[in-house]
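Only heavy atoms go into these numbers, but all of them, side chains included; no hydrogens, no water, no symmetry mates.
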Amino acid sequence: MIKLTLKRLMVTNALLLASGLATAQAADNDQDALIKQGEYLARLGDCMACHTTAGRPAYAGGLAIKSDLGTIYSTNITPDKQYGIGNYTEQQFADAVRKGVRPDGSYLYPAMPYPDYAAISNTDIHALYTYFMHGVTASNSQPPATDMRFPFSQRWGMRFWNLVFTSDKPFQPIGGASAQVNRGAYIAESLGHCGSCHTPRGFAMNEKALHSDDRDFLAGGDLNGWDVPSLRGIARWSPQEIVDYLQTGRNDKAGVAGEMTSVVENSTSHMTDADLQAIAAYLKFLGGNPPLQAYDQQKNQATTDTLTAAVNLTEGQTLYLNNCDACHFANGLGAPGAFPQLDQAAVVNAQSPDGLIHIILQGAQLPSTPKAPSMLKMPAFAHRLSDDQVAKLATFVRQGWSNNAPAVTADQVQKVRATLTQH
């Protein structure tokens, strides 16, 4: 009888041990899945671009974000308990991400796009928290202190800015839209924080709209002197061209430049095909396409013929042939998937020529991405072209073929060149 009881106890203990091991294994599997999901969501949120800098560990911060008000340095968001976020509870993490409020009650500046991140779901916040606490290596690297001029150095003032210009409204699906469109809307409104660049800003540097139900949302704006195009409809691009651009930094009409290069390299090129297609479907779903300049076949042909004949050229046309024709061709249409189209390009026809001037002076490089590893590079011409030559070249490009944008002056070029030497 005693032997039978002992045997039953041993079996029971073995079953309990097996059950405990299975439960622990299930918990480990759940955490692994959450870490993987959180890592993907961090890519959606483009956390890497701002919180990782050359020479520092991943997410250790230190990126200098310069403005007329001073310089903000991105923070260490590794789980280090002294310099990072290792002591944050999940609620404190959520408040920092969605409200811009630190555990000590101090306020973040909206260089951290918490007005957009406010729409991140609780489920995604939980996965992000799990990833940053358990999937990121802690670093004791201390970023430089943010240096803002008075009165902007007084962080308490952000309390009032937040009351006026942020929203605690959770993501609201678009009524009558498909699940795919609403997935794209969720990404664009929250983690993707597309509005932080593509929505016009108000007098207090606030985004004029945070949600899809406002016509200002993604209607274009200005960023560091560059005209940022409207994303509402993107009439010139097909859904697949939108996917190609976000996935590879290039499509048959355009190549990425400026701030968007980092977005593609660190964020959108890592998104799933399904999420990219959802973003494309959502952008095409949005109304409010800006007026389109009609393609003028006759004017395009006239410019093409003039460049091909290479007789009695203006200085701007000569500069184009000597510096640009090899890649962008006499017809200004470039090479699909390699060299961007200049005829009807948004950066060429923008009201402000600063973006085009930046590219001519500083060059551009298409990022290496999983589906387009080649890093095609446009050389910089700042060292070989004077301000007057850049102005004449840019004026020709902005007024050749079907383009019809204002002329560029040497003074405008000089101002852009000065910003390059400062940074």
Side-chain angles (χ1 to χ4, degrees), residues 21 23-66 71-114 116-118 120-148 155 158 190-193 196 262-263 265-272 367 370:
L21 290 173
T23 301
Q25 183 64 51
D28 287 344
N29 290 340
D30 287 345
Q31 185 174 77
D32 289 345
L34 275 173
I35 290 171
K36 186 175 181 180
Q37 176 67 5
E39 181 178 18
Y40 178 71
L41 293 170
R43 286 292 190 180
L44 284 186
D46 203 12
C47 308
M48 182 75 73
C50 287
H51 291 278
T52 301
T53 55
R56 290 175 179 265
Y59 297 117
L63 178 72
I65 303 170
K66 297 182 179 181
T71 302
I72 298 171
Y73 289 93
S74 64
T75 54
N76 181 333
I77 57 171
T78 74
D80 182 77
K81 292 184 180 295
Q82 182 175 5
Y83 297 114
I85 60 172
N87 291 318
Y88 282 37
T89 66
E90 185 166 334
Q91 185 58 56
Q92 290 170 336
F93 176 83
D95 287 344
V97 171
R98 295 196 290 207
K99 298 179 181 179
V101 180
R102 291 169 166 168
D104 63 3
S106 62
Y107 290 86
L108 299 174
Y109 292 107
M112 157 70 168
Y114 62 83
D116 302 270
Y117 289 165
I120 299 175
S121 69
N122 290 335
T123 300
D124 284 350
I125 284 288
H126 179 58
L128 281 166
Y129 179 74
T130 303
Y131 168 62
F132 279 108
M133 290 302 169
H134 303 287
V136 173
T137 301
S139 168
N140 63 359
S141 176
Q142 183 178 18
T146 287
D147 182 22
M148 299 289 279
R155 289 180 181 265
M158 291 306 305
S190 63
L191 281 160
H193 61 283
S196 64
S262 174
V263 175
E265 185 172 22
N266 292 296
S267 180
T268 58
S269 65
H270 299 272
M271 293 184 186
T272 63

Nearest-0.5 Å distance, NE2 of residue His193 to OG of residue Ser267: 7.5 Å

Note, Tyr131 side chain near Gln37 side chain (heavy atom, < 4.5 Å): no

Any Pro79 side-chain heavy atom under 4.5 Å of His134 side chain: no

Any side-chain heavy-atom pair of Pro143 and Ser74 under 4.5 Å: no

Ile125 CD1 to Ser190 OG distance, which is reported to the nearest 0.5 Å: 9.5 Å

Tyr73, OH: over 12 other non-hydrogen atoms inside 6.0 angstrom: no

Residues Gln142, Asn76; criterion side-chain contact (heavy atoms from CB on, under 4.5 Å); working and verdict: CA-CA 7 Å; Gln142 183 178 18; Asn76 181 333; over 6 Å; no

Any side-chain heavy-atom pair of Met271 and Arg43 under 4.5 Å: no

Smallest separation among heavy atoms of Leu108 and Met158, with atom names: O-CG, 3.9 Å

Donor-acceptor pair, side chain of Asn87 and main chain of Lys81, under 3.5 angstrom: yes

Donor-acceptor pair, side chain of Thr71 and main chain of Ala64, under 3.5 angstrom: no

Aromatic ring pairing Phe132/Phe93, orientation class (parallel under 30°, perpendicular over 60°, tilted between): tilted

Under 3.5 Å donor-acceptor, His270 side chain and Thr268 backbone: no

Gln92 side, atom CD; Asp104 side, atom CG - distance, nearest 0.5 Å: 9.5 Å

Expected output: side-chain Arg98 to main-chain Tyr114 donor-acceptor under 3.5 Å: no

Backbone of Gly45 reached by a side-chain donor or acceptor of Tyr117 within 3.5 Å: yes

Nearest non-hydrogen partners of Met112 and Val97, listed with the distance: CE-CA, 3.7 Å

Value rounded to 0.5 Å, distance of CD1 in Ile77 from CD1 in Ile85: 6.0 Å

Side-chain touch Arg102/Thr75, heavy atoms, less than 4.5 angstrom: yes

Minimum heavy-atom distance Tyr83-Ser141, with the two atoms named: CB-O, 3.8 Å

Thr78 (side chain) donor-acceptor with Ser139 (main chain) under 3.5 angstrom: yes

Donor-acceptor contact below 3.5 Å, side chain Thr53 vs main chain Gly61: yes

Value rounded to 0.5 Å, distance of CG in Leu63 from CE in Met48: 13.0 Å

Distance, nearest 0.5 Å, that separates CD1 of Ile120 from NE2 of His126: 14.5 Å

Any Leu128 side-chain heavy atom under 4.5 Å of Leu191 side chain: yes

Flag, side chain of Tyr40 to backbone of Thr272, donor-acceptor distance under 3.5 Å: yes

